[in-house]
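I have placed the structure first, in the form of structure tokens, so that the comments after it can refer back to it.
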Amino acid sequence: MGKNTLNHDTVGLDDDKNALFIIDQTKLPNDVEILYLTKLEDIHRAIYLLQVRGAPAIGVAAAIGLYIAAKDFDVDCWEGFYEQLKAAKNYLASARPTAVNLFWALDRMEQTAVRSKTLALCEIKKALHDEALRIRDEDIAVCRAIGEHGLTLLKNGDGILTHCNAGQLAAVRYGTALAPVHLGRERGMNFRVFTDETRPLLQGARLSAFELVADGVDTTLICDNMASQVLKNGWVNIIFTGCDRVAANGDAANKIGTSGLAILAKHYGVPFYVCAPFSTIDMTAKSGADIVIEQRPPDEVTELWYERRMAPRGVNVYNPAFDVTDSELITGFVTENGIMRPPFYK
Ligand code: MRU
């Protein structure tokens with residue numbers, strides 16, 4: 001990590017405490033609090049409540065969480081172990097529906113257990129431990145590689161617009177959409193980054209602005225409805241966002257508001273790049289229509305963050321957490337293997 005970036009992994013395993021540790025993102029930017037979670041229910045709740053959030057981070061958290069649960073299974077045969085493992089896996093998978101990395105990481109953990117099923121239970125647990133750490137380490141390497149490829153699209157002084165938080169707080173380190181910025185900073189480059197506040201949960205204001213300012217980046221916070229004006233002013237050379245799931249045809253689900261931004265980008269002729277690990281591509285989804293979009297509780301829109309409720313009781317609220325950006329609006333995907341264009345099948 002660069003000297004100015006947050007000096008702590010967003011998510012990891014504390015073997016001494018036998019705990020998943022996370023930076024509690026609901027407390028940012030005012031308090032940097034580390035939570036140590038040892039119970040499956042607490043890990044599920046942390047993912048649901050977005051104490052840990054961002055597609056890569058919840059994949060790593062779930063993998064470590066499944067290992068922590070499995071370590072304590074009180075069974076003496078593979079069949080009993082596997083039954084409990086599948087129950088715990090399904091429970092964690094139910095925490096959020098859209099980010100495919102959650103299911104991808106949990107599948108990897110299950111496959112690891114199945115591959116080791118002829119071994120003693122303690123060795124199966126060790127294999128799960130090592131796989132969870134491998135998923136974490138791969139995430140760091142993948143995000144760094146995304147940063148390297150993304151940096152080839154930037155020059156010193158560029159204006160960048162981003163949405164939600166796809167930075168180091170959404171992964172273990174570096175992040176995806178903000179990885180090029182953090183790597184550029186390590187090399188002495190300067191950028192001007194505009195971050196949408198990202199209603200209703202304010203990941204842009206609370207998280208992206210926090211980590212960018214910590215990295216010494218010239219950061220400007222805008223309300224979501226100001227993006228059009230900022231683009232019209234000509235202040236943005238490129239847009240980088242993350243994503244939660246990419247369909248085989250290149251439609252990409254990301255934080256609500258992303259697709260509107262892509263439409264604006266096309267109007268103003270600004271390149272729009274989605275930065276994501278290959279594990280985010282879901283080949284079982286042919287198009288965006290196959291991606292499940294999470295619906296969140298109404299109070300996130302009407303009262304959360306406000307001192308007093310800001311909408312009359314009885315009003316209907318529509319609160320989808322994600323939207324799907326059509327493939328043709330996306331200039332390219334910045335992945336760990338380079339910059340690509342869909343479709344991903346062939
Ligand atoms: O609801 P969140 O905060 O988990 O949504 C996160 C996003 O939409 C990110 O852009 C996405 O997960 C990519 S993170 C590298």
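Counting convention: from 1, in listed order, for ligands and their atoms alike.
Protein heavy atom in closest approach to atom 6 (C) of ligand 1: Arg53 NH2, 3.5 Å. Scanning the protein heavy atoms around atom 11 (C) of ligand 1, the nearest turns out to be Asp244 OD1, 3.0 Å. Counting protein heavy atoms only, atom 14 (S) of ligand 1 is closest to Ala170 CB, 3.4 Å.
At a 4.0 Å heavy-atom cut-off, ligand 1 does not touch Thr241 at all. Using a 4.0 Å cut-off between heavy atoms, Ala166 contacts ligand 1 through both its backbone and its side chain.
Taking every heavy atom of Pro56 and a limit of under 4.0 angstrom, the matching atoms of ligand 1 come to 14 (S), 15 (C). Annotation for ligand 1: atoms under 4.0 Å from non-hydrogen atoms of Thr176 are 15 (C). Near Lys255, the atoms of ligand 1 lying under 4.0 angstrom from a non-hydrogen atom of the residue are 1 (O), 2 (P), 5 (O), 8 (O). Short contacts between ligand 1 and Asn254, defined as distances under 4.0 Å to a heavy atom of the residue, involve ligand atoms 7 (C), 8 (O), 9 (C), 10 (O), 11 (C). Under a 4.0 Å criterion applied to the non-hydrogen atoms of Gln203, ligand 1 contributes the atoms 1 (O), 2 (P), 3 (O). Shown in contact with Ala55 at under 4.0 Å from a heavy atom are these atoms of ligand 1, numbered in order with element: 12 (O), 14 (S).
No hydrogens or angles considered: a donor-acceptor pair under 3.5 Å links the side chains of His44 and Ser94. Judged purely by distance below 3.5 Å, without hydrogens or angles, the side chains of Arg206 and Asn30 never pair a donor atom with an acceptor atom. Gln84 and Asp74 are not linked by any side-chain donor-acceptor pair at a separation below 3.5 angstrom, with hydrogens and angles left out of the test.
Think of Met310 as one node in a network of Ile, Leu, Val, Met, Phe, Trp and Tyr side chains linked at under 4.5 Å; its network also takes in Tyr306.
Between the side chain of Arg185 and the backbone N or O of Met189 there is at least one donor-acceptor pair closer than 3.5 Å.
Close placement of the Phe21 and His8 rings is indicated, their centers lying within 6.0 Å of each other.
Seen from the ring of Phe322, Arg245 does not count as a face-on cation partner, given the 6.0 Å and 45° thresholds.
Salt bridge Asp139/Arg136: absent, no basic N to carboxylate O contact under 4.0 Å.
Close to ligand 1: Arg96, with a non-hydrogen atom less than 4.0 angstrom away. By the 4.0 Å heavy-atom criterion, Cys243 is counted among the residues contacting ligand 1. Judged by the shortest distance from any of its heavy atoms, Ala321 lies outside the 4.0 Å radius around the atoms of ligand 1. Taking 4.0 Å as the cut-off, Ala171 does not count as a neighbour of ligand 1 on heavy-atom distance.
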Problem - Steps toward salt bridge (charged side-chain N to carboxylate O under 4.0 Å, His left out) verdict (Glu131, Arg134) - result: CA-CA 5 Å; Glu131 183 67 3; Arg134 209 169 294 123; 2.3 Å; yes
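An N or O contact shorter than 3.5 Å links Gly54 to ligand 1 by distance.
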Side-chain polar contacts of residues 327-343 - donor-acceptor pairs under 3.5 angstrom, sequence neighbours left out - could you list them?
unit_1 : atom_1 : unit_2 : atom_2 : d
Ser327 : OG     : Asn249 : O      : 3.0
Thr331 : OG1    : Phe272 : N      : 2.7
Thr331 : OG1    : Phe272 : O      : 3.2
Thr335 : OG1    : Asn337 : N      : 3.0
Thr335 : OG1    : Gly338 : N      : 3.3
Thr335 : OG1    : Gly338 : O      : 2.8
Glu336 : OE1    : Phe278 : N      : 2.9
Glu336 : OE2    : Phe278 : N      : 3.2
Arg341 : NH1    : Ile330 : O      : 2.2

